[in-house]
Amino acid sequence: MWFNRICGFVLIALLGITGCKIRGNESANAEKPPMVEVLKVSSMEVRKSLSFSGNIEGNTTVRLGFMVAGKINFIAAEEGDSLRAGELLASIDPESYQIAKVMADAQVDQLQDDYDRLKELYNRNSLSESDLVKITMSLRAAKAQQRLQAKNLRDSKLYSPIDGILIRKGVEEGEIIDKGLQLFAVSDISKVKVLGAIPEMELRYMSVGSDAFVYVASVDSTFTGQIVEIGALADPATRTFSVKIELDNSGLLLRPGMTAEIQMETDKETFHIAIPAACILRDSDNSSFVFVVDTVKNKAFKRLVSVGRIIGNQIEITSGLLPNDLVITTGMSKLNNGSSVTLNNPG
């Protein structure tokens, strides 16, 4: 019995000693913060660049319609077809205008005969001057009507005024149309223009003649162009100014309506903060953050940041960091907000 009691005391003592050792080891492990490396943030001087979107439009676009009404009886081209200047594009059934022209011609012939006969009488003093004036005015009106009917007959045919492609066909053969409607559009795309808009605060960086790089996703190509026009009046709703960039399009790859992304470098230098991409982490809500070290507390804290463009092998930070901040570059996977750390390369 005494033996059992002695064994029990020994066992309890051994367990107590073992527990103290385990707690001591756990405490030692918990007190050893992870080793991390840091980067001191500094600002770098880079050339100011601008990025904005735009839409491609033809160098010259002409919208066409008939000056007379009637039924469409011929269309020469479909959308996307090439046209030459002076080439027949479409026509209206001319029969009514041909008849009107014949009637006008006959009226002129009749009045011309009357005028010749009465003029001879007037020269022999057998006709009053007022009668001669009347026939003269009638003949003049008939000739004007003749010219009008000739014009209407010519206007029953529609010709392309420029070399280009047909980008809009708003009517089909057999349709009856009124005069003055815009039915077709022909665009010269040997050169194209990219129309974009920039905020008023960036207007000072723009100048006519500056180069711009234009990426067009639909053809997966980048083109070099020049700024040819900068708007003088801001859009009252968006407070942006229009910018036009001219591109050579000798291969006719670019078509009106395509979208483009414009990138251009200015001659102005600005200061930016940039850090390696590996420093930037993503939160559960997809927001970007980094770990910044507080050297007084030797702790790492999450700092939300806004990222910008890629500068060399680094990423621009547009907000969230200041010069001299210490950003952790290694060991971030072991950290939480407020974790204690040991700096492997302090300052």
Side-chain angles (χ1 to χ4, degrees), residues 56-120 122 131-193 195 229 244 246 249-250 252 254-257:
I56 294 175
E57 57 183 29
N59 187 45
T60 302
T61 299
V62 182
R63 292 164 180 81
L64 306 171
F66 287 95
M67 296 299 293
V68 294
K71 183 175 75 173
I72 302 290
N73 69 345
F74 174 73
I75 298 176
E78 298 293 331
E79 290 185 2
D81 290 348
S82 297
L83 294 168
R84 304 293 295 178
E87 182 178 348
L88 179 65
L89 175 57
S91 65
I92 286 176
D93 185 352
E95 185 175 1
S96 297
Y97 299 106
Q98 289 171 341
I99 294 172
K101 175 64 166 54
V102 170
M103 293 174 63
D105 291 344
Q107 182 71 9
V108 169
D109 291 343
Q110 179 183 343
L111 289 172
Q112 185 67 55
D113 288 343
D114 291 344
Y115 173 81
D116 293 342
R117 178 172 51 81
L118 294 175
K119 183 67 165 53
E120 186 176 344
Y122 176 78
D131 289 336
L132 182 64
V133 170
K134 287 180 182 179
I135 190 63
T136 301
M137 292 300 103
S138 296
L139 179 59
R140 186 179 298 175
K143 287 183 176 180
Q145 184 65 22
Q146 183 186 47
R147 290 195 299 272
L148 176 61
Q149 296 304 329
K151 179 181 181 301
N152 288 342
L153 184 58
R154 291 193 303 271
D155 287 345
S156 66
K157 290 182 170 58
L158 189 62
Y159 299 90
S160 174
I162 60 172
D163 292 345
I165 63 168
L166 183 65
I167 62 173
R168 179 176 181 267
K169 186 186 79 167
V171 71
E172 298 293 340
E173 291 184 15
E175 291 188 44
I176 298 175
I177 56 95
D178 200 357
K179 64 180 180 179
L181 298 177
Q182 293 184 1
L183 305 174
F184 303 94
V186 179
S187 184
D188 172 17
I189 61 168
S190 57
K191 290 185 177 180
V192 296
K193 292 177 182 176
L195 177 62
E229 184 180 322
K244 284 188 178 181
E246 187 175 77
N249 190 31
S250 55
L252 303 184
L254 303 177
R255 297 297 178 99

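The residues of the chain are indexed from 1 along the displayed sequence. Because only heavy atoms are used, hydrogens play no part in the values below, and waters and symmetry mates are left out as well, while side chains stay in.
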Notebook entry, point to check: Is there a salt bridge (charged side-chain N to carboxylate O under 4.0 Å, His left out) between Asp116 and Lys119 once you walk through the steps?
Noted result: CA-CA 5 Å; Asp116 293 342; Lys119 183 67 165 53; over 6 Å; no
Note to self: What I'd like to find out is whether the side chain of Tyr115 reaches to under 4.5 Å of the side chain of Leu132, using heavy atoms alone.
What the structure shows: yes
Notebook entry, point to check: Any idea which heavy atoms bring Leu158 and Gly65 closest together, and the distance?
Noted result: CD1-O, 3.5 Å
Check: In Å, rounded to the nearest 0.5 Å, how long is the span from OH of Tyr122 to CG of Asp131?
Finding: 11.0 Å
Check: What distance do Phe66 atom CZ and Leu89 atom CG have between them, rounded to the nearest 0.5 Å?
Finding: 7.0 Å
Check: Considering all heavy atoms of both residues, which atom of Ala100 and which atom of Gln149 are nearest to each other, and what is their separation?
Finding: CB-OE1, 3.0 Å
Notebook entry, point to check: So do Leu64 and Pro161 actually touch side chain to side chain, heavy atoms under 4.5 Å?
Noted result: yes
Check: When rounded to the nearest 0.5 angstrom, what distance separates NZ in Lys191 from CD1 in Ile189?
Finding: 14.0 Å
Note to self: Using a 6.0 Å cut-off, check whether atom CD of Glu87 has over 12 heavy atoms from anything other than its own residue.
What the structure shows: yes
Check: Are any of the side-chain heavy atoms of Ile99 and Met103 separated by less than 4.5 Å?
Finding: yes
Margin query: Applying side-chain contact (heavy atoms from CB on, under 4.5 Å) to Ile92 and Ile72, what does each step give before you reach the verdict?
Written below: CA-CA 4 Å; Ile92 286 176; Ile72 302 290; 4.1 Å; yes
Could you list the donor-acceptor pairs under 3.5 angstrom formed between side-chain atoms of residues 138-147 and any protein atom two or more places apart in sequence or on another chain?
| unit_1 | atom_1 | unit_2 | atom_2 | d |
| --- | --- | --- | --- | --- |
| Ser138 | OG | Lys134 | O | 3.1 |
| Gln146 | NE2 | Asp105 | OD1 | 2.7 |

Next item on the list: Mind checking the CG-CG spacing from Leu254 to Asn249? Nearest 0.5 Å is all I need.
Entry: 4.0 Å
Margin query: Quick test of your reading: applying side-chain hydrogen bond (donor to acceptor under 3.5 Å, both in side chains), list the pairs with at least one residue in residues 157-167, sequence neighbours left out, ordered by first then second residue.
Written below: none
Atom pairs and distances, side-chain donor-acceptor, residues 168-184, under 3.5 Å, sequence neighbours left out:
| unit_1 | atom_1 | unit_2 | atom_2 | d |
| --- | --- | --- | --- | --- |
| Arg168 | NH1 | Gln182 | O | 2.8 |
| Arg168 | NH1 | Leu183 | O | 3.4 |
| Lys169 | NZ | Glu78 | OE1 | 2.8 |
| Lys169 | NZ | Glu78 | OE2 | 3.3 |
| Lys169 | NZ | Glu172 | OE1 | 3.3 |
| Lys169 | NZ | Glu172 | OE2 | 3.4 |
| Glu173 | OE2 | Ile75 | N | 3.2 |
| Glu175 | OE2 | Glu172 | N | 3.0 |

Notebook entry, point to check: Which distance, rounded to the nearest 0.5 Å, do you find between the CE of Met67 and the OG of Ser156?
Noted result: 13.0 Å
Next item on the list: Answer whether the closest heavy-atom distance between the side chains of Asn59 and Val192 falls below 4.5 Å.
Entry: no
Margin query: Nearest 0.5 angstrom please: Ile56 CD1 to Ser187 OG, how far?
Written below: 11.0 Å
